[in-house]
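Below is one structure, written out as structure tokens; comments come after it.
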Amino acid sequence: MSPGTDAPARPRRYGYLGPEGTFTDAALGDVLVRRGEDDAERVPAASVDAALAAVRAGDLDAAMVPMENSVEGGVAATLDGLAGGDPLVVVAEALVPVTFVLGARPGTRLEDVAVVSTHTHAHAQCRGWLAEHLPRAQYVPSSSTAAAAAGLAPGAAATGYDAALCAGVAAERYGLEVLARDVGDTAGAVTRFVLVGRPTAPPPPTGADRTTVIAFQPQDHPGMLLELLEQFASRGVNLTRIESRPTGDALGRYCFAIDAEGHVQDARVAEALLGLHRFCAQVRFLGSYPRADGRPVTVRPGTDEAAFGDARAWLDAVREGRRPPA
Ligand SMILES: O=C(O)C(=O)C[C@]1(C(=O)O)C=C[C@@H](O)C=C1
């Protein structure tokens, strides 16, 4: 029951790029278990855009979306969806190992597969295997790996493809026969997912946090990118990802999606963001949140909280005409 009301608290609703059996579904499951919310309602969305729109509209409390893959890089739909529209923030992240199987209707032989479907990111990770084992197969993109698998489930309408590259759980969930396992080209591939909600104050720092921002390019000039990076470098803030995306306004207009080690409550991160804000056309704060791998932040000498505090005390003394602390 919500305090002060008679209405029962609504169960929390979390969206994800569906249907059931996507890697995004696995990422949401992982985060909900870690948060002790594994009984929350899980709502599949047809696309990343649809999931983000439902959060913005208040139909969902938060949504899990793919952010970056260790082989194929950033997920454009997520980066663009977070760069525009009403602001959203990352509240949690998950890392999911991605291994693919080739699934088909029972009775299909590998040599009968003429058309394969899957998500574009998954296709890119299995290109080598396909070239070697199904060199003549055509490719049809699908909205997710599990959507491709679901299209081959018993009773599904004709899809125009014979096999799906998907997670083993999706092949099982949709009654497919596995024709080949571990068909990804890179062993140990991992995708990072983020749970995004409507803006709220970040959780307290844990010592192993990540901060995500999108910085919109200022007036183009020589050294612009170097100056942007310098905001972080000079404060000792390590970046874990920087990626440019076109803003869509005009050719040559870019924004930079940046993941930095640390929390907005850390002085060095705060100073870097202030510098970025002074320098960029716009900065969109996408949250400070605990890293899924728990890796503690690296702090270079002279950039810890005490160093920033000492520097501030020195400046205050100078400004007030007092003898500065040593
Ligand atoms: O289609 C899925 O299963 C997803 O969860 C999406 C997605 C992605 O967008 O990269 C997630 C992980 C894999 O790299 C392939 C596809």
Side-chain angles (χ1 to χ4, degrees), residues 16-30 44 46-48 64-79 93-154 156-194 241 243 292-293:
Y16 65 95
L17 172 65
E20 245 178 75
T22 57
F23 293 101
T24 317
D25 184 13
L28 179 59
D30 174 41
S47 64
V48 167
M64 185 64 83
V65 288
M67 187 73 148
E68 60 170 328
N69 171 263
S70 59
V71 178
E72 204 29 38
V75 179
T78 300
L79 296 176
E93 72 171 17
L95 298 173
V96 175
V98 280
T99 54
F100 300 99
V101 303
L102 184 75
R105 289 195 182 94
T108 309
R109 294 173 312 165
L110 185 60
E111 53 271 34
D112 297 335
V113 174
V115 184
V116 172
S117 183
T118 192
H119 188 276
T120 48
H121 252 66
H123 180 243
Q125 293 174 71
C126 302
R127 232 180 248 137
W129 188 90
L130 288 171
E132 191 180 335
H133 295 93
L134 291 171
R136 277 179 294 283
Q138 302 285 307
Y139 165 60
V140 181
S142 64
S143 56
S144 72
T145 54
L152 296 171
T159 51
Y161 56 86
D162 311 303
L165 289 163
C166 59
V169 290
E172 202 177 310
R173 165 74 182 75
Y174 298 106
L176 309 191
E177 191 170 312
V178 173
L179 303 186
R181 291 187 189 277
D182 258 330
V183 298
D185 299 330
T186 311
V190 175
T191 298
R192 182 165 76 96
F193 295 85
V194 288
R241 183 179 64 101
E243 202 168 333
D293 60 11

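Side chains are part of it too, since the values below use all heavy atoms of this structure and drop only hydrogens, waters and symmetry mates.
- Between Val113 and Ala163 the shortest heavy-atom distance is CG1-CB, 3.8 Å.
- Of all heavy-atom pairs spanning Ser144 and Gly18, the tightest one is OG-O, 2.8 Å.
- Residues passing the side-chain hydrogen bond (donor to acceptor under 3.5 Å, both in side chains) test with Glu68 are Arg192, sequence neighbours excluded.
- Applying the side chain to side chain donor-acceptor pair (under 3.5 Å) rule to pairs touching residues 130-142 yields Trp129-His133, sequence neighbours excluded.
- Atom CD of Glu177 has more than 12 heavy atoms from other residues, nucleotides or ligands within 6.0 Å.
- Between Phe23 and Tyr16, the closest side-chain pair of non-hydrogen atoms is not below 4.5 Å.
- Taking every heavy atom of both residues into account, Leu176 and Gly103 meet most closely at CD1-C, 3.9 Å.
- Here the side chain of Asp25 pairs a donor or acceptor atom with the backbone of Gly21 at under 3.5 angstrom.
- Remark: the backbone N or O of Ala148 is not paired with any side-chain donor or acceptor of Ser117 at under 3.5 angstrom.
- In this structure, Tyr174 and Cys166 have side chains that are not in contact, with every pair of non-hydrogen atoms separated by 4.5 Å or more.
- When side chains are defined from C-beta on, Val140 does not count as touching Val116, because their heavy atoms never get closer than 4.5 Å.
- Formation of a donor-acceptor pair under 3.5 Å by the Ser70 side chain with backbone atoms of Val190 is found in this model.
- Side-chain atoms of Leu79 and Met67, non-hydrogen and from C-beta on, do get closer than 4.5 Å to each other.
- A donor-acceptor pair under 3.5 Å links the side-chain atoms of Asp162 to the main chain of Val115, judged by distance alone.
- Between the side chain of Thr145 and the backbone N or O of His119, no donor-acceptor pair lies under 3.5 Å.
- No side-chain heavy atom of Val65 sits under 4.5 Å from any side-chain heavy atom of Phe193.
- Between Met64 and Leu17, every side-chain heavy-atom pair lies at or beyond the 4.5 Å cut-off.
- Not one N or O on the side chain of Thr118 forms a donor-acceptor pair closer than 3.5 Å with the backbone of Ala164.
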query = Between Val101 and Asp182, is a side chain to side chain contact (heavy atoms under 4.5 Å, CB included) present by the stated rule, with each step listed?
reply = CA-CA 6 Å; Val101 303; Asp182 258 330; over 6 Å; no

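- Qualifying side-chain hydrogen bond (donor to acceptor under 3.5 Å, both in side chains) partners for Asn69, counting only residues two or more places apart in sequence or in other chains: Gln125, Thr191.
- Note that the CG atom of Asp112 and the CZ atom of Arg105 stand 12.5 Å from one another [nearest 0.5 Å].
- Atom CG of Leu95 and atom CG of Asp30 lie 8.5 Å apart (nearest 0.5 Å).
- To the nearest 0.5 Å, atoms OG1 (Thr186) and CD (Glu72) are separated by 9.5 Å.
- Interatomic distance, Leu102 CG to Cys126 SG, rounded to the nearest 0.5 Å: 8.5 Å.
- The heavy-atom pair separating Pro19 from Ala147 by the smallest distance is CD-N, 3.4 Å.
- Taking 4.5 Å as the limit, some side-chain heavy atom of Leu165 sits within range of a side-chain heavy atom of Leu130.
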query = Given Val71 and Asp185, is the side chain to side chain contact (heavy atoms under 4.5 Å, CB included) satisfied, shown in steps?
reply = CA-CA 9 Å; Val71 178; Asp185 299 330; over 6 Å; no

